[in-house]
Amino acid sequence: MTAESTPALVHSAEADGLADAGPSAGRGPRARNTKAYLRYAAGKIVGAAISLFAVLVTSFFLFRLIPSDPVKHMTGGRPVSSEQLENLRREFGLDQPMWQQFLDYIGDALSGDFGMSYQFHAPVMEKITAALPATLLLTGTAFILFTALGLWLGTRSAWRHGQKGDRFNSALALTLYSVPSFWLGLLLIIVFSVGVGPIPGLFPTGGLESGSESGFAYIVDVAHHMVLPVITLVAVGYAQTLLVMRSSLLDEMGSDYLTTARAKGLRDDVVRRRHAVPNAMLPTFTLMFVNLGHVVAGQILVETVFSWPGLGGLFYEALAGPDLPLVQALFFLFAAAVILANTLADVLYPLLDPRVGR
């Protein structure tokens with residue numbers, strides 16, 4: 001691959017020319033570029049740390065705006081004396097002034113302790129650790145599928161711009177991208193779980209497993225339960241990836257370096273695979289990391305609709321209380337996953353495009 005054909009993915013000629021410059025090379029443009037990159041990466045990391053602390057503070061105050069008494073919710077509607085309510089408030093520190101609760105929360109959170117769940121009477125991190133694998137299984141599978149499908153269809157649509165396949169893929173992607181994920185999930189349950197007309201109920205309405213299988217049969221059972229929620233997540237996720245990849249590749253197709261590559265006698269599929277797609281991947285690269293951050297957060301509404309025992313369903317249960325320690329920890333975890341994924345994308349981006357971070 002030549003510098004003429006991939007201007008966004010190679011180092012500058014000035015930096016390359018210093019490869020044999022001897023002892024003084026460490027003080028040349030290459031060294032300056034390295035220092036610039038380190039300053040750029042350090043700035044992104046510091047910004048991420050500030051954002052994480054801001055989210056930690058926000059999570060404390062945000063959910064205290066909910067007009068509900070978590071102590072009364074803990075009693076389950078049973079008649080309780082005022083003395084018992086006061087004892088519960090004292091046990092969970094809710095009798096303290098707001099500023100004292102805030103300082104205690106920040107201090108404990110920075111040490112990794114998010115307290116005890118009001119609803120489950122168990123450590124918050126224990127509940128999160130138990131629900132995390134189910135979310136990673138569901139959203140991780142969906143992420144791999146919709147990323148691969150979106151990149152492939154986005155590339156084909158852009159390269160065959162204006163043809164029937166491109167118009168169909170673009171129209172379908174725009175439609176699915178605008179459809180609420182929970183509505184699509186409910187529709188799939190009605191059609192393929194309950195059954196409509198001649199279509200029988202083929203899949204479970206929700207849950208992770210039937211509870212009566214073991215060994216290989218258990219794996220098949222879990223996969224059977226995953227079909228509809230995975231389809232829901234893939235249908236919405238691939239549409240966004242397709243549209244971004246298609247738009248990015250269309251911008252690249254008019255570039256001079258592609259014309260030069262064709263003039264050298266390269267076939268269209270080689271021009272697309274080796275030259276256009278790698279450069280068009282740069283904007284999609286950021287989107288992939290954003291979606292990767294959402295893998296931890298899951299899709300709260302989709303997990304709720306399908307009664308999936310992951311972090312999304314746990315957050316929905318905690319919000320109903322409100323179970324303040326649990327909902328605060330989950331909110332922070334969801335935001336932290338997205339912030340860290342974005343930061344990782346920002347730090348790696350200059351390695352793909354040296355123009356960034358200089």
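We count residues from 1, following the sequence as given.
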>> For a 4.5 angstrom cut-off between non-hydrogen side-chain atoms, does F289 reach D346?
In response: no
> If you measure from CG on L187 to CZ on F182, what distance do you get to the nearest 0.5 Å?
Replying inline: 12.0 Å
>> Give me the atom names and distance for the closest heavy-atom approach of A329 to I128.
In response: CB-CD1, 3.8 Å
> Which atom pair, heavy atoms only, marks the closest approach of P309 to A134?
Replying inline: O-CB, 3.4 Å
> CG of L348 to OG1 of T343: how many Å apart, nearest 0.5 Å?
Replying inline: 10.5 Å
>> Using a 3.5 Å distance criterion without hydrogens, assess whether the side chain of D221 forms a donor-acceptor pair with backbone atoms of A217.
In response: no
>> Working to the nearest 0.5 angstrom, can you tell me the gap between L311 CG and L138 CG?
In response: 11.0 Å
>> For a quick test of reading the model, state the closest non-hydrogen atom pair linking S181 to T232 and the distance between them.
In response: O-CG2, 3.3 Å
> Considering only heavy atoms from C-beta outward, does the side chain of L172 approach that of Y238 to under 4.5 Å?
Replying inline: yes
> What distance do L326 atom CG and Y118 atom OH have between them, rounded to the nearest 0.5 Å?
Replying inline: 11.0 Å
> So how far is it from L137 CG to W308 CH2, rounded to the nearest 0.5 Å?
Replying inline: 5.5 Å
> When clusters are formed by joining ILVMFWY residues with side-chain heavy atoms under 4.5 Å apart, either directly or through shared neighbours, do M125 and L340 land in the same one?
Replying inline: yes
> Can you list every pair that meets salt bridge (charged side-chain N to carboxylate O under 4.0 Å, His left out) and has a residue in residues 182-191, with sequence neighbours left out?
Replying inline: none
>> Does any part of the side chain of Q328, heavy atoms only, come nearer than 4.5 Å to the side chain of F114, both counted from C-beta?
In response: no
>> With heavy-atom distances below 4.5 Å as the criterion, would you say the side chains of Q240 and V236 are in contact?
In response: no
> Can you tell if the side chain of Y177 reaches within under 4.5 Å of the side chain of L242, non-hydrogen atoms only?
Replying inline: no
> L344 and L292: same hydrophobic cluster, using ILVMFWY side-chain contacts below 4.5 Å?
Replying inline: yes
>> Test side-chain contact (heavy atoms from CB on, under 4.5 Å) on F146 and T241; report intermediate values, then the result.
In response: CA-CA 8 Å; F146 73 63; T241 306; 4.0 Å; yes
> Between Y105 and V57, is there a donor-acceptor pair closer than 3.5 Å when you use the side chain of the first and the backbone of the second?
Replying inline: no
>> If you apply the rule side-chain contact (heavy atoms from CB on, under 4.5 Å), what do you find for L103 with W99, and how did you get there?
In response: CA-CA 6 Å; L103 293 179; W99 64 267; 3.7 Å; yes
> Between the main-chain N or O of T175 and the side-chain N or O of S178, is there a donor-acceptor pair closer than 3.5 Å?
Replying inline: yes
>> Just to verify, what does D104 make a side-chain hydrogen bond (donor to acceptor under 3.5 Å, both in side chains) with, not counting sequence neighbours?
In response: Q100
> Between T147 and I144, is there a donor-acceptor pair closer than 3.5 Å when you use the side chain of the first and the backbone of the second?
Replying inline: no
> Of the non-hydrogen atoms in F192 and L228, which two are nearest, and what is the gap between them?
Replying inline: CB-CD2, 4.1 Å
>> Quick check: do H225 and L208 have side-chain heavy atoms less than 4.5 Å from each other?
In response: no
> Between OG of S248 and CG of L243, what distance do you get to the nearest 0.5 Å?
Replying inline: 12.5 Å
>> Check whether N169 reaches the backbone of S157 with its side chain - one donor and one acceptor, N or O, closer than 3.5 Å.
In response: no
> Is there a donor-acceptor pair closer than 3.5 Å between any side-chain N or O of S193 and the backbone N or O of P204?
Replying inline: yes
>> Working note: F306 + I189, criterion side-chain contact (heavy atoms from CB on, under 4.5 Å); need CA distance, chi angles, decisive distance, verdict.
In response: CA-CA 8 Å; F306 288 97; I189 289 176; 3.5 Å; yes
> When hydrophobic residues are tied together by side-chain contacts of less than 4.5 Å, even through go-betweens, does L174 share a cluster with L233?
Replying inline: yes
> Do F102 and F61 have ring centroids that are under 6.0 Å from one another?
Replying inline: yes
>> Let me check something: do Y316 and L301 share a hydrophobic cluster, defined by ILVMFWY side-chain heavy atoms less than 4.5 Å apart, either directly or through other members?
In response: no
>> Would you say that F120 contacts E317 through its side chain, given a criterion of any heavy-atom pair below 4.5 Å between the two side chains?
In response: yes
> If every non-hydrogen atom of S117 is compared with every non-hydrogen atom of V124, which pair is closest and at what distance?
Replying inline: N-CG2, 3.8 Å
> Can you name the nearest heavy-atom pair linking A122 to E126, along with the distance?
Replying inline: CB-OE2, 4.1 Å
> Which residues satisfy the ring-ring contact (aromatic ring centres under 6.0 Å, His included) test with F203, sequence neighbours excluded?
Replying inline: H224
>> Are L110 and I50 linked, directly or through intermediate hydrophobic residues, by side-chain heavy-atom contacts shorter than 4.5 Å (ILVMFWY only)?
In response: no
> Any side-chain heavy-atom pair from R246 and D166 closer than 4.5 angstrom?
Replying inline: yes
> Going through the distances and angles, do L319 and I300 end up as a side-chain contact (heavy atoms from CB on, under 4.5 Å)?
Replying inline: CA-CA 11 Å; L319 198 58; I300 296 172; over 6 Å; no
